[in-house]
Q: 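Take this structure, written in structure tokens, and hold onto it; I'll ask about it next.
Numbering of ligands and ligand atoms starts at 1, following listing order.
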Amino acid sequence: MVTSFVLKVASRCNLNCSYCYMYNLGDKTYLKQPKFMSIHTIKTFAEKLSGYSKENGLRSFQIVFHGGEPLLFPKEFYKESIRIFTETLNDSYFDFVIQTNGVGLDEDWYALFNELNIRVGISMDGPKEYHDKYRVFHNGKGSYDEVRNAIQIGLDKGMHGVLSVVNLNITPLELYEEFKNLNIPSFNLLLPDGHFDKLPDDLIKEKVNTHNYTPYADWLIELFIIWKSDPDRPNMRFFKTLIQLIAGEEVGDQMVGLKKNGVAVVETNGNLEVADSIRACYEGITRNDINIHTHEIDAILEDPLFDIYINSHQMVNEKCLNCPIYEVCGGGFLLNRYSNENGFDNPTIYCHDMIKLVSYIQNDLINSLPEEVCREMELTRVSYYEIVEELENAGAVSVQKNIKDKLLAYSLA
Ligand code: SF4
């Protein structure tokens, strides 16, 4: 079921980050959206959510205020929105979150978010020289100083954590030291958006998913070693989730694991859609005619792209079904599997990176645990090269035809 809703309360941004899926990776449909979500739309959404909650026996929701840049949404709208949600669904529990670029996030904003019980996450890309290269204002000026300021204020005001996109040009040590120097208590990493026909800048097309080319795994393993050897390490969700998955826990998200993706996006005009980063596949791929002003929330389950997204760790390419680390990797994030030729019927562009990273962490875990514990957890050593070779001859488990057809339906070939 969908239990997490990303509200695009502002469809414009005060930054112009070079890798942004909304503005710089191929989709311009945001230009047709209202700049801000109206209170009328919030109210309609809350009413629909109330009906959906009763019908499905759901009492707990996550509401993520997102953009564009959500701090462009006026302060009084936040007050009104929270009042509407808590009054309309007065028997439900809400986890309110805001994910912001941090520009303009001052003491007044933190006071408001504390009052409204909204957890604050800030996006940052590491040391100034790198952050300022990618996370820039529309005039090209870097935003590091503003974001650093917002983090420093937030350390005493309950900032939840920092989110970063992996940048291979920053050494893992530089990134780690930056976050340690800022006293950031918790951070998470995202692999860059991109797919086989629009690769992240640092990937070389001819080498992707070849034996000796695993730049993201090499970078992440280096960071893992630094993080693990630090007795006072901050919480790092990305590594923590992988460790839990290797240990057999049923965790995960849209990136890894086998859990269903119960996340839907509500656009500023009330459109209900699949996760917006999927837009980087091609112009308009996420657009449908489902709108909370005219439809019930359940209608999103009829959207064929949403069907693939929510089941994206089950609807996978044949290689993934045969992969020894499938339960950890889950085939990767849906966007990263896309190609014009095969639609979503591919392993992720980070396939070999995931195999190398997961096998490293699994072997490291085995080295650090007593033998009997490893036996109980059914943990066995894995070798990157053995898995890669095994996958080249994979084929024992085939993908059901109806699933393969759904994945291929988005091919442009
Ligand atoms: S590592 Fe590659 S083959 Fe294995 S599940 Fe992930 S994407 Fe699929």
Side-chain angles (χ1 to χ4, degrees), residues 166 189-197 199-200 203 205 207-221 224 238-239 241-261 277-278 281 308-309 311-339 341-365 379-400 403-404 406-408 410:
V166 174
L189 291 175
L190 291 177
L191 290 165
D193 284 333
H195 56 74
F196 286 93
D197 291 292
L199 289 168
L203 281 184
K205 192 171 174 70
K207 292 190 174 179
V208 167
N209 288 339
T210 56
H211 277 215
N212 295 318
Y213 185 64
T214 50
Y216 283 91
D218 300 339
W219 192 96
L220 286 162
I221 289 169
F224 179 80
F238 185 74
F239 290 148
T241 305
L242 288 179
I243 291 168
Q244 287 173 305
L245 284 165
I246 290 167
E249 290 183 38
E250 284 181 27
V251 294
D253 49 33
Q254 63 180 1
M255 303 287 171
V256 291
L258 295 185
K259 279 181 81 171
K260 295 208 174 198
N261 293 322
S277 48
I278 306 290
C281 294
I308 296 179
Y309 172 75
N311 296 298
S312 68
H313 296 309
Q314 285 70 40
M315 293 188 183
V316 293
N317 176 264
E318 186 167 290
K319 274 204 168 132
C320 302
L321 280 188
N322 288 280
C323 175
I325 65 154
Y326 168 48
E327 288 178 8
V328 178
C329 171
F333 179 42
L334 191 60
L335 167 66
N336 303 141
R337 298 184 210 167
Y338 184 78
S339 72
E341 190 181 351
N342 300 326
F344 295 107
D345 190 21
N346 299 300
T348 163
I349 55 173
Y350 300 113
C351 174
H352 283 212
D353 294 282
M354 286 305 291
I355 297 171
K356 193 164 182 185
L357 176 65
V358 171
S359 45
Y360 180 87
I361 296 179
Q362 180 152 333
N363 292 340
D364 184 77
L365 210 56
L379 279 178
T380 49
R381 281 185 189 285
V382 279
S383 145
Y384 166 68
Y385 285 104
E386 274 171 26
I387 295 177
V388 167
E389 271 162 31
E390 199 178 320
L391 282 180
E392 276 164 12
N393 307 309
V397 189
S398 331
V399 181
Q400 289 170 17
I403 291 179
K404 195 166 180 73
K406 286 180 183 182
L407 297 174
L408 286 168
Y410 291 86

Q: Within the structure provided, determine whether His352 and Tyr384 are in side-chain contact (heavy-atom separation under 4.5 Å).
A: yes
Q: Under 2.8 Å from atom 6 (Fe) of ligand 1, how many protein N, O or S atoms can be found?
A: 1
Q: Which atoms of ligand 1 are found less than 4.0 Å from any heavy atom of Leu391?
A: 3 (S)
Q: Please report the closest heavy-atom contact between Cys281 and Leu335, naming both atoms and the distance.
A: SG-CD1, 3.7 Å
Q: Does some side-chain heavy atom of Ile221 sit less than 4.5 Å from a side-chain heavy atom of Leu357?
A: yes
Q: Once you measure the plane-to-plane angle for His195 and Tyr338, does it fall in the parallel (<30°), tilted (30-60°) or perpendicular (>60°) bin?
A: perpendicular
Q: How about Asp253 and Lys259: do any of their side-chain heavy atoms sit closer than 4.5 Å?
A: no
Q: Against Pro347, only a single residue in Cys323, Cys329, Cys320 fulfils side chain to side chain contact (heavy atoms under 4.5 Å, CB included); can you say which?
A: Cys320
Q: How far apart are the closest heavy atoms of Asn261 and Tyr309, and which atoms are they?
A: ND2-O, 2.8 Å
Q: Side chain, backbone, both or neither: which applies to Asn317 and ligand 1 if a contact is any heavy-atom pair less than 4.0 Å apart?
A: neither
